[in-house]
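All remarks here apply to the structure that follows.
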There are 2 protein chains.
Amino acid sequence: MTQTPTSDTTRADMRKAQVLKAANECFRRQGFHNTSIVQISKAAGMSVGHIYHYFENKEAIIAGIVEQDLLQILMFCQRIRKGSGGGDLIEAIVNDVDYLEQDLNDQNIPLTLEIVAEAARNPNVARIIQDADETARLRFRELLAEALKLRGLELSERDIEGPLEVLLAFFEGFAIRIIRNPGLDPNTCLPALRSVVRHLLEEAVSTAQQAAA
Amino acid sequence: MTQTPTSDTTRADMRKAQVLKAANECFRRQGFHNTSIVQISKAAGMSVGHIYHYFENKEAIIAGIVEQDLLQILMFCQRIRKGSGGGDLIEAIVNDVDYLEQDLNDQNIPLTLEIVAEAARNPNVARIIQDADETARLRFRELLAEALKLRGLELSERDIEGPLEVLLAFFEGFAIRIIRNPGLDPNTCLPALRSVVRHLLEEAVSTAQQAAA
DNA sequence: CATTCTAGATAGAACGTTCATTCTAAACTA
DNA sequence: TAGTTTAGAATGAACGTTCTATCTAGAATG
């Protein structure tokens, strides 16, 4: 249990990353329940024993993958900001729904659903995604607060929470819808979705206006 | 425990039901990946061999459980109709969101999520829940059509589909939200959710009015 | 009515496979 | 040479499924 030198730490980090990358590919294709350590080891080009040298057990690998889930959520924030081009953020959020078709083609949906289902039973996984969601909500609240500020308005955290959760429920919900109804055409939903998101945000705006008065 | 067979329910049917009931309890508690045939056999008070006399394999048992998923969805329709008391259905749909808190306490959420995640990979399970969803959508379209008819309006199937999918995405989405954010307070979301559902339906109404003109 | 017959019902041990994890030893590096 | 890294076989447990044997109900038989 001696402290490893810097060069070795780097090597260990690289190996860990190598395992996680392989695991990610396997999990995405087959889910983590149907992926064996042997498969991961082959995908990573490493031996089974080698993997266990860096990960205590399979669950530790799963945890490593689940942690990456956060990045995916945060990308939505980034996309919206980029879409705003520095202009009105509320309009950018409404426009972001146009990515629905692209989002529903995401190859990660099955894995994402599997992670959530696992979290509903497995406290380890639950803790990870709940922590991630907490920072995700924080980022989204910041985004909404900034969107309002650009219009000279502001809302309390409490008043933002409701609309935000409804917004999030939408997008998560479509991941389920596309499984239950694979014939679903995103373009059919787009007008209604756009309108609903706009309504939600406009309502937040008018609440803020009333609070200011 | 054991019942005597009657004319219309054969002994085999009763045994099958007995297995499915036991499996349902086990699956709800532990998920079907973590439930073994031995556990089901003990819960059913039957031997393993006995179970295999009626079910080809474990997947057949899972299929039997997944088929019950439909009933759960259809209960929403019933609840709305009952809530309308024969009056305006649109108002009844809006009011139905007040059950959110109760719905989010549903002990079946983990199993439901597991079923959807499984369907994303397992074609057998996928077929079952997709068939179920098709009849569920049919029932909901009928409900919406009836709601409009009560106001002397009508909409094409195409125009109903979008709002309906958005509505469904909501409710499915909250099942995920409550896992990701267990601290979520339904009452915080209720005003926003109510408002959004009402907006969605009012928009459908005004679309129908324009179509009539 | 008593007995026999038989197909289905039932039990539980046995089997074979899969898999996560551990163990042992070789290779490498500093 | 000492510690780390790497490989891959060995281990042991869990599990789905099958196999074999016994039992039961009730129809057939005489």
Side-chain angles (χ1 to χ4, degrees), chain A residues 1-27 29-66 114 118 121-122 124-125, chain B residues 1-23 26-27 29-66 114 118 121-122 124-125:
Chain A
M1 288 301 168
T2 36
Q3 200 66 14
T4 44
T6 306
S7 61
D8 283 356
T9 299
T10 299
R11 179 200 304 263
D13 285 343
M14 283 172 56
R15 290 289 185 227
K16 281 188 187 181
Q18 189 177 346
V19 172
L20 287 177
K21 183 166 173 250
N24 206 341
E25 286 160 11
C26 293
F27 289 173
R29 270 205 310 274
Q30 320 176 333
F32 41 75
H33 280 124
N34 289 322
T35 298
S36 71
I37 298 285
V38 170
Q39 282 176 302
I40 296 175
S41 80
K42 281 189 176 139
M46 295 166 62
S47 72
V48 171
H50 199 182
I51 286 181
Y52 273 89
H53 193 257
Y54 294 108
F55 291 89
E56 193 188 344
N57 49 32
K58 189 183 177 182
E59 189 147 336
I61 300 176
I62 293 177
I65 297 300
V66 171
E114 201 178 8
E118 180 76 11
R121 310 232 185 242
N122 181 333
N124 276 332
V125 173
Chain B
M1 199 74 172
T2 24
Q3 284 180 316
T4 47
T6 64
S7 54
D8 50 334
T9 61
T10 110
R11 179 197 307 267
D13 285 341
M14 285 174 48
R15 288 291 183 227
K16 282 188 187 180
Q18 192 176 344
V19 172
L20 288 178
K21 183 167 172 250
C26 293
F27 289 172
R29 270 205 311 274
Q30 320 176 334
F32 40 74
H33 283 306
N34 289 323
T35 298
S36 71
I37 298 286
V38 171
Q39 282 177 301
I40 296 175
S41 81
K42 283 191 176 136
M46 296 167 60
S47 72
V48 171
H50 199 182
I51 287 181
Y52 273 89
H53 193 258
Y54 294 108
F55 291 89
E56 193 189 343
N57 49 33
K58 189 183 176 182
E59 189 147 334
I61 300 176
I62 293 177
I65 297 299
V66 172
E114 201 178 7
E118 180 75 11
R121 310 231 183 243
N122 181 333
N124 277 331
V125 173

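In what follows, every chain begins at residue 1, and chains take the letters A, B, ... in the order their sequences are listed.
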message = Using the side-chain contact (heavy atoms from CB on, under 4.5 Å) definition, which of the options Asn34(B), Ile40(B), Leu20(B) pairs with Phe27(B)?
response = Ile40(B)

note = Taking every heavy atom of Lys58(A) against every heavy atom of Thr35(A), the minimum-distance pair comes out as NZ-O, 2.8 Å

remark   = Each nucleotide of nucleotides 5-21 of chain C classed B (base within 4.0 Å of a protein heavy atom), S (only sugar-phosphate) or -, in 5' to 3' order, makes ----SBBB-------SB

query = So what's dG30(D) paired with, Watson-Crick or G-U wobble, going by both distances under 3.5 Å?
reply = dC1(C)

query = Of all heavy-atom pairs between Arg121(B) and Arg29(A), which one has the smallest distance, and what is that distance?
reply = NH1-O, 3.2 Å

query = CD of Gln18(A) versus P of dT5(D): gap in Å, rounded?
reply = 14 Å

ask   = Considering all heavy atoms of both residues, which atom of Gln18(A) and which atom of Ala44(A) are nearest to each other, and what is their separation?
value = NE2-O, 2.9 Å

key: Validation row: Asn122(A), Glu59(A) side chains within 4.5 angstrom (heavy atoms)   = yes

